[in-house]
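Remember, it's a predicted structure, so these values are computed and weren't measured experimentally. Order of listing sets the numbers, starting from 1, for every ligand and every atom in it. Numbering of residues begins at 1 and proceeds along the displayed sequence.
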Amino acid sequence: MKKRRTTRLIRIGGVPVGGGSPVSIQSMTKTDTRDSQATLRQIRALKRAGCDIIRVAVPDMEAAMALGPIKKASPIPVIADIHFDWRLALEALRQGVDGLRINPGNIGADWKLKEVVLALKDRAIPVRVGVNAGSLEKGILARYGHPCAPALVESALRQTALLEKFGHDLIKVSLKASNVPTTVDAYRMFSEKSDYPLHIGISEAGPPAVGVVKSAVGLGVLLWEGIGDTMRVSLTGNPVQEVRTARQILQGLAMAKGPEIISCPTCGRTTIDIRRLASQVEKRLRGIQKPVKVAVMGCVVNGPGEASEADFGVTGSKGAGMLFKKGKVLKTVREEDLLDELMKEIGKWRP
Ligand code: SF4
């Protein structure tokens, strides 16, 4: 794994982004922002799943006015996502949001953008330049013919220059496409040219069955190359799953601590219901903050071996199960008691 690229440090509320800080996880609410109570319920659920920063859509002035109460009660920093109307950006800042996501190219005349940037500067609030393959400037698109990586990079450089022109450099950048190679190339190219912190993501990645894989491939490659300071997995589904997927990507690369499950695929040697047990263990581990590694194995072929690498392990053995701690057998228990016994031991354990 390559060393993390050196980027500038900014702060979204209390969360550091860039400058070598841990990669933070973002998501976006899928509620009507005007319904602040529903939006806050979703934010709290996302925070419980491990979300560090939340973004909310601001399609109109009523939504912008709801940002104040949302921000006040939110347990994590709030970013307002604004397109087209600079007045919404100004109102969002008045309402006290921790960050803005805009596309400077679609805010309109220079004087409108200048008003937004001066308001950002006054409050020292960071802004994300969110370049998306689906909304590139017409001129750039005409020149490149299609939304390729160099086109995304040119757009991002042009948009960051617009913000710099008005004296604001608390910036992070995203260059998203739904195509994984285009996205990866764009981030690679941009990170060679700029040290602004990067928000990485695969845009419109799809429903979970497809989007989880695309995101894991794309974001996994970027993170492996040391690119990315904050991340969002975009799924057509429950945003809690976006956050869980992001956490799993980070854990898969050993970039985040937390519970980890290892489970065998099962085969003809399996003697207990490992599928059910693994899924129950996975669910119960979600509520645990400890960096515990648990192996759930179907039989004694690989079970004790994997269990010795894990903090805890269970291995099926003729309708019963053996419970391991750090590779040593603790006890043999009935299959129906395995889950509770395992969780009891994990509860007592201090890493
Ligand atoms: S651990 Fe045992 S049950 Fe699981 S896949 Fe391997 S051989 Fe099959």
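- Dense packing is recorded around NZ of Lys112, with more than 12 heavy atoms of other residues, nucleotides or ligands lying under 6.0 Å away.
- Tyr144 forms part of a hydrophobic cluster together with Ile140, judged by ILVMFWY side-chain heavy-atom separations under 4.5 Å.
- Residue Val300 shares its hydrophobic cluster (ILVMFWY side chains chained together at separations under 4.5 Å) with Met322, Phe324, Val329.
- Atom CH2 of Trp349 sits in a crowded spot, with more than 12 heavy atoms from other residues, nucleotides or ligands closer than 6.0 Å.
- Note on atom 4 (Fe) of ligand 1: protein N/O/S atoms under 2.8 Å are Cys264 SG.
- For Lys290, the NZ atom sits in a packed shell: over 12 heavy atoms of surrounding residues, nucleotides or ligands are nearer than 6.0 Å.
- For the salt bridge (charged side-chain N to carboxylate O under 4.0 Å, His left out) test, residues two or more places apart in sequence or in another chain that qualify with Glu282 are Arg286.
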